[in-house]
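Worksheet: one structure, shown below.
To find a chain, count down the sequence lines: A is the first, B the second, and so on, and within it residues start at 1.
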Amino acid sequence: MKYAYYLSCVNESMTKELDKAFNLWKNEFDIEIEPLHAGTCCGGSNLEYVNPNQHLVMNGRNIAMAEKMGLDLMTSCNTCLLVLRHTKHELDHNEEKKAYVNEQLKKYDLEYKGTSEVKHLLWVLNEDYGLDKIAAKVKQPLSDKKFAPFYGCHILRPSSVMLGYDDPNSPSSLDSLIKVLGGNIVDYNSKNKCCGFHTLLVAEEESLDIGGNAVVEALDNEADYIVTPCPLCHTVLDGYQDEALKRKGRSGSIPVLHLSQIVGMALGYSDSELGINKHMVRK
Amino acid sequence: MDAEKKDIYFKIFRYNPEVDQESYFDEFKISVEKGITILRAMNYIKDHVDPKLSYRFFCQAGICGSCAMKVNGVAKLACTTQVWDELKKCKTPDVITIEPLGNLGVVRDMVINYNPVVDKLEKFMSWVEPAKKDSAFGEKEFIVAEKDFKIIDAATDCILCASCYSECSILDAHKDFVSPLVMLKAFRMNADTRDTASQKRLNLLTKDHGIWDCTHCYKCVEACVKNIPIMDGIHGLRNSAMNRGMKGEGYRHADAFRKDIYNVGRLNEPLLLLRTKGIFKVIGMTSFTIKMALKGRLPSLFVKKIPGLKKVRELMRSTSKR
């Protein structure tokens, strides 16, 4: 299985451990990647209103580069997933917009055709590789631990541009993955809610309240870890956990894992190999 | 052939502030035929089991928006939601949970206090402010061209049911937040060719608890009973504010993405903080920065330029017209 791999800005800077962990085990899962080094930032769900034309052309270019390689485009960040899928949805359903984007791209020997799918790593593991095969790879089942899955918004909503992997009101793909790794699931209301990342710099108190709700609920349900497929959710739930819990008037702490790290744990890699020791919150 | 029938449990939120210290759930077991809506099941309970059960409804056809309530945890119109569809979503088999909308106070059972919505609709001038004086009305038609109406077409489908209001993440954290519903109305009014109050509305909307506080969680879009792309309206308002140069933290934060793509191809995370908050506020965040640095999580100030940046810049320039 080979994919063009979209390099998310956050994984290149603040959450480098996500890709570090992924790179440890991807070969064991027959996942081959071609990193999209020349890809630009997706715009973080902001460029689309700063300049809708630039948003379409730059993200059309990102997908067109994967198309030129003849590969589907995979990402490990929810917001990159949403922006790229939104772009794909618009270009696949609007000939006028597609023609505009291609008029711009043809100067650079690129064309958006709509031939590459845009997928999240979580989807690739669930469907392209398959849960049965993952179960067979597990060396250290996570059976003594309880995990609170936190999906993040942009892998679920709006469901009209997603691939139908999950019911946004009752998602299950991350739960299923945790289960085949041997882990126990904590069922809690926050799992499909928002972490508040996108307003962290403009409405900090509200963002910390939202993120704090999820952390408190995971603690109340006695989870050992929160697990998320999104590095932006991780940034709030791990990096700002202290501040969020203070706002909620709560004590305690709970480590937050990337999707790539929990897979690595079940394959027997150590915390330091997986970069878990780099997180703000430790066990 | 007899219609398919089943015994179903309705676990219904109850609260009467005149009597109850706190809210509780009542469970009603009723026999329901396939094809029945949640509203008709509720009406059966009210008519035959407990007449005190309180909720609003009127048109029973998905038009008036008054019967919005949470069904199995999600805001929906009771009159357009099939009991049989909900059976697939029950946490406990055959137990359908009914609760009032979120983010609004409860008057009694499923009856919510709608006043905050009305107050915000009024505060943000959710009506067309026409150029014509009232006295000049009726003299000449004011026609909206089809292409202009197309822009607001979807937004005019809003029936004010407040499902989006109920699901909004930011409203959950702060009740003063403008709300998706009111932003959608503001977008619709601002884009109406007969309207003259767009700048006034944007001035109000770019204040605290306004458009920049939306966290793009898309819960409103997912909850909308009319499938209105509410986020397009919110983005539309932000686009107008930026085009009019209405600068503030929200503007600076969003524009940093465009600038970084042009300058390096990627986002410069530390500079994003600096650009959004300004140097003085960032200095005030030193304890957080030190903690990040101790963990080796502080990104470098110098982001490596992506290969082929020259072409990216050309593309950004040739598409820069907003």
Side-chain angles (χ1 to χ4, degrees), chain A residues 7 9-10 12-16 37-41 43-54 56-58 61 79 82 104-105 107-108 153-154 156-160 167-170 189 193-194 196-199 201-203 205-210 213 239-240 242-243 278-280, chain B residues 72-74 89 169-170 172-174 177 209 212-219 221-222 227 229 231 235-236 238-239 242 249-250 253-255 257-258 260-261 265-267 269-270 272-273 276-277 288 291-292 295-300 303 306-308 311-312 314-316 318-322:
Chain A
L7 301 174
C9 299
V10 66
E12 294 287 291
S13 57
M14 285 163 73
T15 50
K16 285 182 180 154
H37 291 295
T40 56
C41 166
S45 77
N46 292 294
L47 190 62
E48 54 213 85
Y49 59 83
V50 176
N51 188 319
N53 286 343
Q54 286 180 333
L56 275 184
V57 171
M58 299 320 293
R61 174 183 169 272
T79 295
L82 170 71
Q104 296 293 329
L105 294 183
K107 292 172 256 179
Y108 306 98
C153 297
H154 294 169
L156 302 174
R157 294 181 289 269
S159 54
S160 56
D167 173 349
N169 296 317
S170 181
N189 288 326
K193 290 192 177 165
C194 179
F197 176 86
H198 288 282
T199 34
L201 297 182
V202 287
E205 292 182 352
E206 287 87 336
S207 291
L208 293 178
D209 269 340
I210 296 171
N213 286 340
Y240 286 81
D242 225 15
E243 284 81 352
K278 292 283 181 191
H279 294 174
M280 299 287 272
Chain B
N72 283 334
V74 181
K89 297 165 189 168
S169 302
I170 292 290
D172 188 31
H174 208 301
F177 178 52
H209 311 300
W212 297 114
D213 283 12
C214 163
T215 193
H216 322 172
C217 71
Y218 284 85
K219 289 206 87 168
V221 177
E222 206 61 47
N227 294 318
M231 197 59 66
H235 283 348
R238 288 175 162 186
N239 182 258
M242 295 195 78
E249 274 188 5
H253 178 71
D255 203 40
F257 287 82
R258 182 188 60 79
D260 280 353
I261 294 172
R266 288 197 188 292
L267 187 64
E269 310 256 359
L272 179 68
L273 185 70
T276 307
K277 306 301 279 183
F288 177 71
K291 273 194 279 178
M292 291 280 282
K295 286 279 182 184
R297 293 181 80 76
L298 212 57
S300 163
V303 176
I306 60 161
K311 289 177 188 171
V312 166
E314 280 171 16
L315 262 178
M316 288 290 279
S318 67
T319 54
S320 64
K321 198 172 161 231
R322 283 173 186 171

Identify which part of [X] has an atom lying under 4.5 Å from any heavy atom of chain B, answering side chain, backbone, both or neither.
| X | answer |
| --- | --- |
| A:L82 | side chain |
| A:Q104 | both |
| A:P158 | both |

Could you tell me if the side chain of A:P52 sits less than 4.5 Å from the side chain of B:N239, heavy atoms only? yes
So do B:I306 and B:R266 actually touch side chain to side chain, heavy atoms under 4.5 Å? yes
Between chain A and each of [options], count heavy-atom pairs under 4.5 Å; write down the option with the most.
| options | result |
| --- | --- |
| B:L315, B:N72, B:V74, B:D172 | B:L315 |
| B:N227, B:V221, B:D213 | B:D213 |
| B:S318, B:G250, B:C214 | B:S318 |

Name the option with the most non-hydrogen atom pairs under 4.5 Å to chain B; the candidates are [options].
| options | result |
| --- | --- |
| A:S160, A:S159, A:G44 | A:S159 |
| A:E205, A:R61, A:K107 | A:R61 |
| A:N213, A:D242, A:N169 | A:N169 |

Mind checking ring-ring contact (aromatic ring centres under 6.0 Å, His included) for B:H209 and listing every partner two or more places apart, or none if nothing turns up? B:H174
Before giving the answer on side chain to side chain contact (heavy atoms under 4.5 Å, CB included), spell out for A:Y108 and B:E314 the whole-Å C-alpha distance, their side-chain angles and the decisive distance to 0.1 Å. CA-CA 10 Å; A:Y108 306 98; B:E314 280 171 16; 2.7 Å; yes
Would you check if the side chain of B:H216 reaches a backbone N or O of A:H154 as a donor-acceptor pair within less than 3.5 Å? no
Is the A:Y49 ring parallel, tilted or perpendicular to the B:H235 ring (thresholds 30°, 60°)? tilted
Side chain, backbone, both or neither of B:V312 within contact of chain A (heavy atoms, under 4.5 Å): both
Against chain A, label B:I261 side chain, backbone, both or neither, depending on which of its atoms sit under 4.5 Å from a heavy atom there. side chain
Nearest 0.5 angstrom please: A:T79 OG1 to A:F197 CZ, how far? 7.5 Å
Could you state the interatomic distance from SG (B:C217) to NE2 (A:H198), rounded to the nearest 0.5 Å? 10.0 Å
